[in-house]
Q: 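The structure's right below; bear with me while I get my questions together.
Nothing here was measured: the structure is a model prediction, and the numbers come from that model.
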Amino acid sequence: MRGRGEPADADGGGGGGVREVKSAARTVQVLEILANGGSEQVRLRELSEKTGVPRSSLYALLQTLVACGWVRTDATNSFYSIGIRALLTGTRYLDTDARLGLAGPVLDRLAEELGETTHFARLDGPDIVYLATRESRHYLRPFSRVGRRLPAQASALGKALLAEQPPAYLERELPPVLPSYTARTISDHAALREHLDAVRKRGYAIDDEEHIEGVVCFGFALRYSSPAEDAISCSVPTVRLSEEHRERIVAAMFQAREELERAHLR
């Protein structure tokens, strides 16, 4: 399976009848590596190893991206990180996304009504990407931010969306080795498929301390597209999750999903 950011064809062919532009593919690959690097800067040597591009060629590409504002570097040109132009482009994506515009007020209301953190995310290959978060009014260490990626199988948002996908999607997109975050993370392919069957029957997914210990999350796929691409969720610390609160959350999330799905039919 081809990894994210890797050229579609080393010989330059994308397989879709259009010849791949190698320099463009390299540029995207570099930007995705830097974007997924968290807060750490990346050395030129590490970038060269990950991309398979010689350091001399990669250095020239990086200096062009630095000059254009897409990449930042230190005074020695030894360490690199994502630049401000990426932020501006990402912000434009959020500003023009009609689905996110409809979801925002619903997330606001849910967060106020339930007093818990709510999210809106989109499926992207084997991952989900957070597009909006409304923090709980209670103190809770933030663990998700707009633009953050998370393996779909390790989150309620992702499992809700994987349950909506055809089997071929799972075969194509999920990595051979599923990442594990806690002792509860589902990291076996057969167990995951069995779990997704239960998600489909229940109508929503539960992350039962599978990503972060002490936090349970309820995820609901939004079926205004087929298969679903977007989902909403509510995260709750286990210390506040009484049976009554759980029922209240699930009822409110079902209602929010119906509201958003109706809004896209108008």
Side-chain angles (χ1 to χ4, degrees), residues 1-4 99 103 106 110 114 116-131 143-144 148-236 238 241-243 245-262 264-265:
M1 185 183 72
R2 179 168 54 92
R4 290 198 57 75
R99 294 177 179 177
V106 176
L110 284 171
L114 301 172
E116 306 296 350
T117 301
T118 58
H119 309 283
F120 176 86
R122 183 161 293 157
L123 188 64
D124 184 31
D127 305 325
I128 52 109
V129 180
Y130 288 91
L131 299 184
F143 60 88
S144 53
R148 184 185 179 193
R149 306 183 70 88
L150 184 67
Q153 118 280 345
S155 71
L157 287 159
K159 291 190 295 181
L161 289 168
L162 289 179
E164 299 289 320
Q165 309 308 310
Y169 185 95
L170 304 183
E171 293 291 338
R172 181 179 71 248
E173 298 293 347
L174 293 181
V177 178
L178 299 175
S180 184
Y181 293 88
T182 75
R184 293 174 176 264
T185 307
I186 301 173
S187 55
D188 176 78
H189 279 268
L192 175 62
R193 281 164 172 75
E194 183 177 348
H195 183 85
L196 294 179
D197 287 339
V199 170
R200 281 186 285 271
K201 293 175 183 177
R202 185 171 54 233
Y204 63 95
I206 304 174
D207 163 5
D208 189 9
E209 301 185 73
E210 296 161 47
H211 178 225
I212 295 178
E213 292 182 358
V215 176
V216 175
C217 190
F218 303 88
F220 292 70
L222 300 173
R223 297 160 180 164
Y224 43 61
S225 63
S226 182
E229 301 173 321
D230 301 334
I232 54 174
S233 72
C234 179
S235 299
V236 194
T238 54
L241 191 58
S242 64
E243 187 60 35
H245 195 29
R246 176 190 293 262
E247 293 175 359
R248 184 167 168 243
I249 288 169
V250 170
M253 295 296 290
F254 266 124
Q255 183 178 355
R257 174 165 72 183
E258 292 175 3
E259 179 183 343
L260 285 170
E261 291 176 347
R262 285 198 306 270
H264 284 81
L265 295 176

Q: Once rounded to the nearest 0.5 Å, what's the spacing between atom CD of Glu258 and atom CZ of Phe220?
A: 10.0 Å

Q: Please report the C-alpha distance between Glu173 and Leu123 in whole Å, then the side-chain angles of each, then the deciding distance to 0.1 Å, and finally whether the side chain to side chain contact (heavy atoms under 4.5 Å, CB included) criterion is met.
A: CA-CA 11 Å; Glu173 298 293 347; Leu123 188 64; over 6 Å; no

Q: Does the Arg200 side chain pair with the main chain of Glu164, one donor and one acceptor, at a distance under 3.5 Å?
A: no

Q: Kindly determine whether Asp208 and Arg184 satisfy salt bridge (Lys or Arg N to Asp or Glu O under 4.0 Å), including the steps that lead there.
A: CA-CA 7 Å; Asp208 189 9; Arg184 293 174 176 264; 3.3 Å; yes

Q: Considering only heavy atoms from C-beta outward, does the side chain of Pro126 approach that of Pro175 to under 4.5 Å?
A: yes

Q: Give me the atom names and distance for the closest heavy-atom approach of Arg193 to Leu170.
A: NH2-CB, 3.6 Å

Q: Please report the closest heavy-atom contact between Asp127 and Pro151, naming both atoms and the distance.
A: OD1-CA, 3.6 Å

Q: For a 4.5 angstrom cut-off between non-hydrogen side-chain atoms, does Val106 reach Thr118?
A: no

Q: So, taking the atom named OG in Ser233 and the one named NZ in Lys159, what distance separates them when rounded to the nearest 0.5 Å?
A: 12.0 Å

Q: Give me the one residue out of Arg223, Arg99, Arg122 that meets side-chain hydrogen bond (donor to acceptor under 3.5 Å, both in side chains) with Glu229.
A: Arg99

Q: Given 3.5 Å as the limit, does a donor-acceptor pair link the side chain of Ser226 with the main chain of Ala228, or not?
A: no

Q: Heavy atoms only: give me the nearest Val215-Thr238 pair and the separation to one decimal.
A: N-CG2, 4.1 Å

Q: Would you name the heavy atoms of Ala205 and Ala160 that are closest together and state the gap between them?
A: CB-N, 3.5 Å

Q: Is the shortest side-chain heavy-atom distance between Asp230 and Leu260 below 4.5 Å?
A: no

Q: For Ala121 versus Tyr130, what's the shortest heavy-atom pair and its separation?
A: CB-CA, 4.1 Å

Q: Working to the nearest 0.5 Å, report the span between CG of Leu241 and OG of Ser235.
A: 11.0 Å

Q: Which atom names give the shortest non-hydrogen contact between Ala252 and Leu114, and what distance separates them?
A: CB-CD2, 4.0 Å

Q: Closer than 3.5 angstrom, by distance alone: can the side chain of His211 be matched with the main-chain N or O of Tyr181 as a donor-acceptor pair?
A: no

Q: Taking the side chain as every heavy atom from C-beta outward, state whether Glu116 and His245 have any pair of such atoms under 4.5 Å apart.
A: yes

Q: So among Leu174, Ile128, Val199, Leu157, which one has a side-chain contact (heavy atoms from CB on, under 4.5 Å) with Leu162?
A: Leu174

Q: So, are Arg149 and Asp124 salt-bridged, with charged N and O less than 4.0 Å apart?
A: yes

Q: Atom CD of residue position Glu213 - does it have more than 12 heavy atoms of other residues, nucleotides or ligands inside 6.0 Å?
A: no

Q: Step by step, work out the side chain to side chain contact (heavy atoms under 4.5 Å, CB included) result for Ile206 and Arg246.
A: CA-CA 11 Å; Ile206 304 174; Arg246 176 190 293 262; 4.2 Å; yes

Q: Between Tyr169 (side chain only) and Gly125 (backbone N and O only), is there a donor and an acceptor less than 3.5 Å apart?
A: yes

Q: Rounded to the nearest 0.5 Å, how far does CG of Leu178 lie from CD of Gln153?
A: 4.5 Å

Q: Is a donor on one side and an acceptor on the other found under 3.5 Å between the side chain of Thr185 and the backbone of Glu210?
A: yes

Q: May I ask you to decide if Ala190's main-chain N or O and Glu194's side chain share a donor-acceptor pair within less than 3.5 Å?
A: no

Q: CG/Leu110 to CD1/Ile249 distance, rounded to the nearest 0.5 angstrom?
A: 10.0 Å

Q: With distance as the sole test, does Thr182 use its side chain to make a donor-acceptor pair with the main-chain N or O of Glu209 at under 3.5 Å?
A: yes

Q: On the six-membered ring of Phe254, is Arg257 placed so that its NZ or CZ lies under 6.0 angstrom from the centre and within 45° of the ring axis?
A: no

